[in-house]
Protein chains: 2
Amino acid sequence: MFRALADATRRDIVRRTLSAEASVSELAASYEMSFAAVQKHVAVLEEAGLVSKLPRGRERIVRGNPDAIRRAQFCLDQFEAVWRARIDRLDALLEADSAQESD
Amino acid sequence: MFRALADATRRDIVRRTLSAEASVSELAASYEMSFAAVQKHVAVLEEAGLVSKLPRGRERIVRGNPDAIRRAQFCLDQFEAVWRARIDRLDALLEADSAQESD
DNA sequence: GTAACCTACAACCAAATGGTTGTACGAGAA
DNA sequence: TTCTCGTACAACCATTTGGTTGTAGGTTAC
(Lines give C-alpha, C1' and ligand atoms only; values in the text may rest on other atoms or scores of the structure.)
Protein backbone atom coordinates (compact mmCIF):
# COMPACT_ATOMS: atom_id res chain seq x y z
CA MET A 1 0.00 0.00 0.00
CA PHE A 2 2.91 2.36 0.72
CA ARG A 3 4.29 0.94 -2.49
CA ALA A 4 1.12 2.11 -4.26
CA LEU A 5 1.54 5.59 -2.77
CA ALA A 6 5.21 5.66 -3.80
CA ASP A 7 4.44 7.00 -7.27
CA ALA A 8 3.64 10.70 -7.72
CA THR A 9 1.09 10.09 -10.48
CA ARG A 10 -0.72 7.57 -8.31
CA ARG A 11 -0.72 9.93 -5.32
CA ASP A 12 -2.26 12.54 -7.58
CA ILE A 13 -4.93 10.12 -8.78
CA VAL A 14 -5.77 9.28 -5.16
CA ARG A 15 -5.95 12.96 -4.23
CA ARG A 16 -8.13 13.70 -7.21
CA THR A 17 -10.55 10.79 -6.88
CA LEU A 18 -10.82 11.48 -3.19
CA SER A 19 -12.09 14.96 -3.97
CA ALA A 20 -14.29 13.98 -6.94
CA GLU A 21 -14.84 10.69 -8.72
CA ALA A 22 -13.73 10.47 -12.33
CA SER A 23 -13.68 7.98 -15.20
CA VAL A 24 -10.42 6.38 -16.22
CA SER A 25 -10.34 8.35 -19.47
CA GLU A 26 -10.98 11.62 -17.65
CA LEU A 27 -8.03 10.84 -15.43
CA ALA A 28 -5.89 9.81 -18.39
CA ALA A 29 -6.51 13.17 -20.06
CA SER A 30 -4.72 14.89 -17.17
CA TYR A 31 -1.38 13.18 -17.47
CA GLU A 32 1.35 13.23 -20.07
CA MET A 33 1.22 9.51 -20.65
CA SER A 34 -0.80 6.95 -22.54
CA PHE A 35 -4.27 5.85 -21.51
CA ALA A 36 -2.93 2.34 -20.83
CA ALA A 37 -0.32 3.69 -18.40
CA VAL A 38 -2.97 5.53 -16.36
CA GLN A 39 -5.11 2.42 -16.51
CA LYS A 40 -2.24 0.44 -14.95
CA HIS A 41 -1.81 3.02 -12.20
CA VAL A 42 -5.50 2.79 -11.38
CA ALA A 43 -5.20 -1.02 -11.30
CA VAL A 44 -2.31 -0.80 -8.81
CA LEU A 45 -4.31 1.59 -6.63
CA GLU A 46 -7.35 -0.64 -6.81
CA GLU A 47 -5.34 -3.70 -5.78
CA ALA A 48 -3.96 -1.75 -2.83
CA GLY A 49 -7.53 -0.82 -1.85
CA LEU A 50 -6.80 2.88 -2.17
CA VAL A 51 -9.38 3.28 -4.91
CA SER A 52 -12.46 1.47 -6.14
CA LYS A 53 -13.71 1.22 -9.69
CA LEU A 54 -17.37 0.81 -10.53
CA PRO A 55 -18.91 0.44 -13.97
CA ARG A 56 -21.24 3.18 -15.17
CA GLY A 57 -22.41 2.74 -18.73
CA ARG A 58 -19.34 2.23 -20.85
CA GLU A 59 -16.99 3.93 -18.43
CA ARG A 60 -15.48 2.90 -15.11
CA ILE A 61 -15.78 5.46 -12.36
CA VAL A 62 -12.78 5.69 -10.05
CA ARG A 63 -13.37 6.73 -6.47
CA GLY A 64 -10.77 7.24 -3.75
CA ASN A 65 -11.20 5.19 -0.57
CA PRO A 66 -10.75 7.30 2.58
CA ASP A 67 -10.57 4.21 4.82
CA ALA A 68 -7.35 3.11 3.15
CA ILE A 69 -5.86 6.53 3.82
CA ARG A 70 -6.80 6.22 7.46
CA ARG A 71 -5.10 2.85 7.61
CA ALA A 72 -1.88 4.44 6.35
CA GLN A 73 -2.28 7.20 8.92
CA PHE A 74 -2.65 4.56 11.62
CA CYS A 75 0.61 2.96 10.54
CA LEU A 76 2.48 6.27 10.79
CA ASP A 77 0.80 6.96 14.14
CA GLN A 78 2.30 3.71 15.42
CA PHE A 79 5.71 5.00 14.39
CA GLU A 80 5.07 8.16 16.39
CA ALA A 81 3.96 6.07 19.35
CA VAL A 82 7.18 4.07 19.24
CA TRP A 83 9.10 7.31 19.18
CA ARG A 84 7.20 8.75 22.13
CA ALA A 85 7.74 5.52 24.08
CA ARG A 86 11.46 5.95 23.57
CA ILE A 87 11.37 9.51 24.88
CA ASP A 88 9.38 8.33 27.89
CA ARG A 89 12.02 5.71 28.60
CA LEU A 90 14.75 8.34 28.42
CA ASP A 91 12.79 10.59 30.76
CA ALA A 92 12.39 7.71 33.20
CA LEU A 93 16.12 7.10 33.07
CA LEU A 94 16.90 10.74 33.77
CA GLU A 95 14.45 10.77 36.64
CA ALA A 96 15.94 7.59 38.16
CA ASP A 97 19.34 9.20 37.74
CA SER A 98 18.46 12.41 39.62
CA ALA A 99 16.73 10.33 42.34
CA GLN A 100 20.00 8.44 42.77
CA GLU A 101 21.88 11.75 43.01
CA SER A 102 19.65 12.96 45.85
CA ASP A 103 20.47 9.79 47.90
CA MET B 1 10.02 9.23 0.75
CA PHE B 2 6.88 7.10 0.36
CA ARG B 3 9.09 5.08 -1.93
CA ALA B 4 11.54 4.61 0.96
CA LEU B 5 8.69 3.45 3.19
CA ALA B 6 7.43 1.06 0.51
CA ASP B 7 9.76 -1.77 1.59
CA ALA B 8 8.84 -3.83 4.68
CA THR B 9 12.47 -4.24 5.79
CA ARG B 10 12.99 -0.49 5.59
CA ARG B 11 9.80 0.21 7.54
CA ASP B 12 11.07 -2.16 10.21
CA ILE B 13 14.44 -0.39 10.31
CA VAL B 14 12.68 2.94 10.73
CA ARG B 15 10.45 1.58 13.50
CA ARG B 16 13.42 0.07 15.26
CA THR B 17 15.79 3.03 15.03
CA LEU B 18 12.96 5.31 16.09
CA SER B 19 12.66 3.34 19.32
CA ALA B 20 16.39 2.84 19.91
CA GLU B 21 19.43 3.75 17.83
CA ALA B 22 21.52 0.88 16.48
CA SER B 23 24.67 0.33 14.43
CA VAL B 24 24.38 -0.91 10.87
CA SER B 25 25.81 -4.31 11.80
CA GLU B 26 23.40 -4.66 14.73
CA LEU B 27 20.54 -4.00 12.30
CA ALA B 28 22.00 -6.39 9.74
CA ALA B 29 22.04 -9.21 12.33
CA SER B 30 18.22 -8.98 12.55
CA TYR B 31 17.42 -9.69 8.93
CA GLU B 32 17.81 -12.75 6.72
CA MET B 33 19.93 -10.94 4.19
CA SER B 34 23.50 -9.86 3.67
CA PHE B 35 25.12 -6.96 5.49
CA ALA B 36 25.46 -5.10 2.20
CA ALA B 37 21.73 -5.37 1.53
CA VAL B 38 20.87 -3.84 4.91
CA GLN B 39 23.51 -1.20 4.28
CA LYS B 40 21.73 -0.29 1.05
CA HIS B 41 18.37 -0.06 2.80
CA VAL B 42 19.87 2.28 5.40
CA ALA B 43 21.35 4.38 2.58
CA VAL B 44 17.92 4.68 0.93
CA LEU B 45 16.35 5.70 4.24
CA GLU B 46 19.11 8.23 4.86
CA GLU B 47 18.66 9.77 1.43
CA ALA B 48 14.93 10.07 2.12
CA GLY B 49 15.72 11.82 5.41
CA LEU B 50 13.92 9.14 7.41
CA VAL B 51 17.08 8.18 9.24
CA SER B 52 20.42 9.77 10.09
CA LYS B 53 23.75 8.02 10.41
CA LEU B 54 26.50 9.32 12.67
CA PRO B 55 29.98 7.84 13.13
CA ARG B 56 30.86 6.48 16.56
CA GLY B 57 34.25 4.79 16.70
CA ARG B 58 34.35 2.27 13.90
CA GLU B 59 30.60 1.89 13.66
CA ARG B 60 27.84 4.10 12.22
CA ILE B 61 24.91 4.67 14.52
CA VAL B 62 21.53 4.78 12.77
CA ARG B 63 18.81 6.91 14.30
CA GLY B 64 15.23 7.35 13.09
CA ASN B 65 14.08 10.88 12.32
CA PRO B 66 10.63 11.64 13.78
CA ASP B 67 10.32 14.88 11.78
CA ALA B 68 10.28 12.90 8.53
CA ILE B 69 7.48 10.73 9.89
CA ARG B 70 5.49 13.86 10.73
CA ARG B 71 5.99 15.11 7.21
CA ALA B 72 4.49 11.89 5.86
CA GLN B 73 1.61 12.25 8.32
CA PHE B 74 1.06 15.78 7.06
CA CYS B 75 0.80 14.49 3.51
CA LEU B 76 -1.87 11.95 4.47
CA ASP B 77 -3.68 14.61 6.50
CA GLN B 78 -3.94 16.68 3.32
CA PHE B 79 -5.60 13.71 1.64
CA GLU B 80 -8.11 13.57 4.49
CA ALA B 81 -8.70 17.31 4.15
CA VAL B 82 -9.46 16.95 0.44
CA TRP B 83 -11.88 14.17 1.30
CA ARG B 84 -13.64 16.25 3.93
CA ALA B 85 -13.87 19.19 1.54
CA ARG B 86 -15.68 16.93 -0.91
CA ILE B 87 -18.17 15.86 1.73
CA ASP B 88 -18.74 19.49 2.65
CA ARG B 89 -19.48 20.31 -0.99
CA LEU B 90 -21.97 17.47 -1.19
CA ASP B 91 -23.63 18.68 2.01
CA ALA B 92 -23.88 22.18 0.56
CA LEU B 93 -25.45 20.79 -2.60
CA LEU B 94 -28.02 18.84 -0.61
CA GLU B 95 -28.84 21.90 1.46
CA ALA B 96 -29.25 24.08 -1.65
CA ASP B 97 -31.47 21.36 -3.08
CA SER B 98 -33.82 21.22 -0.11
CA ALA B 99 -33.92 25.03 -0.02
CA GLN B 100 -35.05 24.98 -3.64
CA GLU B 101 -37.73 22.38 -2.80
CA SER B 102 -39.19 24.64 -0.13
CA ASP B 103 -39.65 27.45 -2.71
C1' DG C 1 -26.45 -1.51 -38.08
C1' DT C 2 -22.40 1.02 -37.91
C1' DA C 3 -19.29 4.15 -36.15
C1' DA C 4 -17.13 6.13 -32.22
C1' DC C 5 -15.72 5.75 -27.54
C1' DC C 6 -14.12 3.58 -23.15
C1' DT C 7 -11.93 -0.04 -21.32
C1' DA C 8 -9.25 -4.47 -20.76
C1' DC C 9 -5.31 -6.96 -21.69
C1' DA C 10 -1.16 -8.87 -23.89
C1' DA C 11 3.55 -8.24 -25.53
C1' DC C 12 7.38 -5.76 -25.33
C1' DC C 13 11.18 -2.53 -23.57
C1' DA C 14 14.32 0.36 -20.56
C1' DA C 15 15.32 1.52 -16.15
C1' DA C 16 14.98 0.95 -11.29
C1' DT C 17 14.93 -2.24 -7.32
C1' DG C 18 16.51 -5.67 -4.13
C1' DG C 19 19.54 -8.83 -3.68
C1' DT C 20 24.33 -11.11 -4.07
C1' DT C 21 29.69 -11.47 -3.72
C1' DG C 22 34.16 -9.45 -3.60
C1' DT C 23 37.42 -5.87 -2.54
C1' DA C 24 39.26 -2.03 0.08
C1' DC C 25 39.92 0.91 3.98
C1' DG C 26 39.75 3.08 8.68
C1' DA C 27 39.43 2.18 13.68
C1' DG C 28 40.02 -0.89 17.84
C1' DA C 29 41.87 -4.83 20.05
C1' DA C 30 45.65 -8.25 20.87
C1' DT D 1 52.28 -4.02 14.48
C1' DT D 2 49.02 -7.11 13.17
C1' DC D 3 44.57 -8.97 13.26
C1' DT D 4 39.83 -8.35 13.39
C1' DC D 5 35.67 -5.78 13.00
C1' DG D 6 32.46 -2.46 10.90
C1' DT D 7 31.76 -0.08 6.95
C1' DA D 8 31.83 1.56 2.08
C1' DC D 9 31.50 0.63 -2.57
C1' DA D 10 31.71 -1.63 -7.13
C1' DA D 11 30.10 -5.17 -10.20
C1' DC D 12 26.83 -8.19 -11.27
C1' DC D 13 22.17 -10.61 -11.58
C1' DA D 14 17.02 -11.49 -11.47
C1' DT D 15 12.79 -9.39 -10.94
C1' DT D 16 9.73 -5.58 -10.76
C1' DT D 17 8.23 -1.20 -12.36
C1' DG D 18 6.61 2.30 -15.43
C1' DG D 19 6.07 3.07 -19.77
C1' DT D 20 4.85 1.97 -24.77
C1' DT D 21 1.92 0.02 -28.84
C1' DG D 22 -1.45 -3.02 -30.59
C1' DT D 23 -5.57 -5.82 -30.44
C1' DA D 24 -10.11 -7.00 -28.92
C1' DG D 25 -14.66 -6.48 -26.54
C1' DG D 26 -18.67 -3.81 -24.79
C1' DT D 27 -21.70 0.50 -24.81
C1' DT D 28 -23.46 4.45 -26.44
C1' DA D 29 -24.58 7.58 -30.31
C1' DC D 30 -25.91 8.37 -35.03
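Sequence lines set the chain letters: A, B, ... in the order given, protein chains first and strands last, and positions in each chain run from 1.
- Judged by distance alone, the side chain of A:Asn65 and the main-chain N or O of A:Gly49 form a donor-acceptor pair under 3.5 Å.
- Atoms CZ (A:Phe2) and P (C:dG18) sit 15 Å apart, rounded to a whole Å.
- What you find for A:Ala4 and A:Leu45 is that their closest heavy atoms are O-CD2, 4.1 Å.
- Between A:Pro66 and B:Phe79, the closest side-chain pair of non-hydrogen atoms is not below 4.5 Å.
- A:Glu26 and A:Arg60 are not joined by a salt bridge, as no carboxylate oxygen comes within less than 4.0 angstrom of a charged side-chain nitrogen.
- Residue contacts shown for B:Ala36 include a base, since a base heavy atom lies under 4.0 Å away.
- When the P atom of D:dT7 is taken as reference, atom NZ of B:Lys53 falls 9 Å away, rounded to whole Å.
- Across all their heavy atoms, B:Ala20 and A:Arg89 have their closest contact at CB-NH2, 4.4 Å.
- Spacing between atom CZ of B:Arg58 and atom P of C:dA27 amounts to 11 Å, rounded to whole angstrom units.
- Salt bridge present: A:Arg56 and A:Glu21 bring a charged side-chain N and a carboxylate O closer than 4.0 Å.
- Contact between the side-chain N/O atoms of B:Arg60 and the OP1/OP2 oxygens of D:dA8 is found at a separation under 4.0 Å.
- Remark: B:Leu18 CG to A:Glu80 CD distance equals 8.0 Å, nearest 0.5 Å.
- Contact between the side-chain N/O atoms of B:Gln39 and the OP1/OP2 oxygens of D:dA8 is found at a separation under 4.0 Å.
- At whole-Å resolution of the value, CD in A:Glu26 and C1' in C:dT7 are 14 Å apart.
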Identify all pairs in which a protein N or O lies below 3.5 Å from an N or O of nucleotides 16-19 of chain D, and state each distance.
from: D:dT17; atom 1: OP1; to: A:Arg3; atom 2: NE; distance (Å): 3.4
from: D:dG18; atom 1: OP1; to: A:Arg10; atom 2: NH2; distance (Å): 3.4
from: D:dG18; atom 1: OP1; to: B:Arg3; atom 2: NH2; distance (Å): 3.2
from: D:dG18; atom 1: OP2; to: A:Arg10; atom 2: NH1; distance (Å): 3.0
from: D:dG18; atom 1: OP2; to: A:Arg10; atom 2: NH2; distance (Å): 3.3
from: D:dG19; atom 1: OP2; to: A:His41; atom 2: NE2; distance (Å): 2.3
from: D:dG19; atom 1: N7; to: A:Lys40; atom 2: NZ; distance (Å): 3.1
from: D:dG19; atom 1: O6; to: A:Lys40; atom 2: NZ; distance (Å): 2.1

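- Residue A:Glu59 contributes atom CD, which lies 14 Å from atom C1' of C:dA4 at whole-angstrom precision.
- C:dG18 atom P lies 10 Å from atom CG of B:Leu45, rounded to whole Å.
- The shortest distance between the side-chain N/O atoms of A:Ser23 and the OP1/OP2 oxygens of C:dC6 is not below 4.0 Å.
- When the C1' atom of C:dA10 is taken as reference, atom CZ of A:Phe35 falls 15 Å away, rounded to whole Å.
- What separates CG of A:Leu54 from C1' of D:dT27 is a distance of 16 Å, to the nearest Å.
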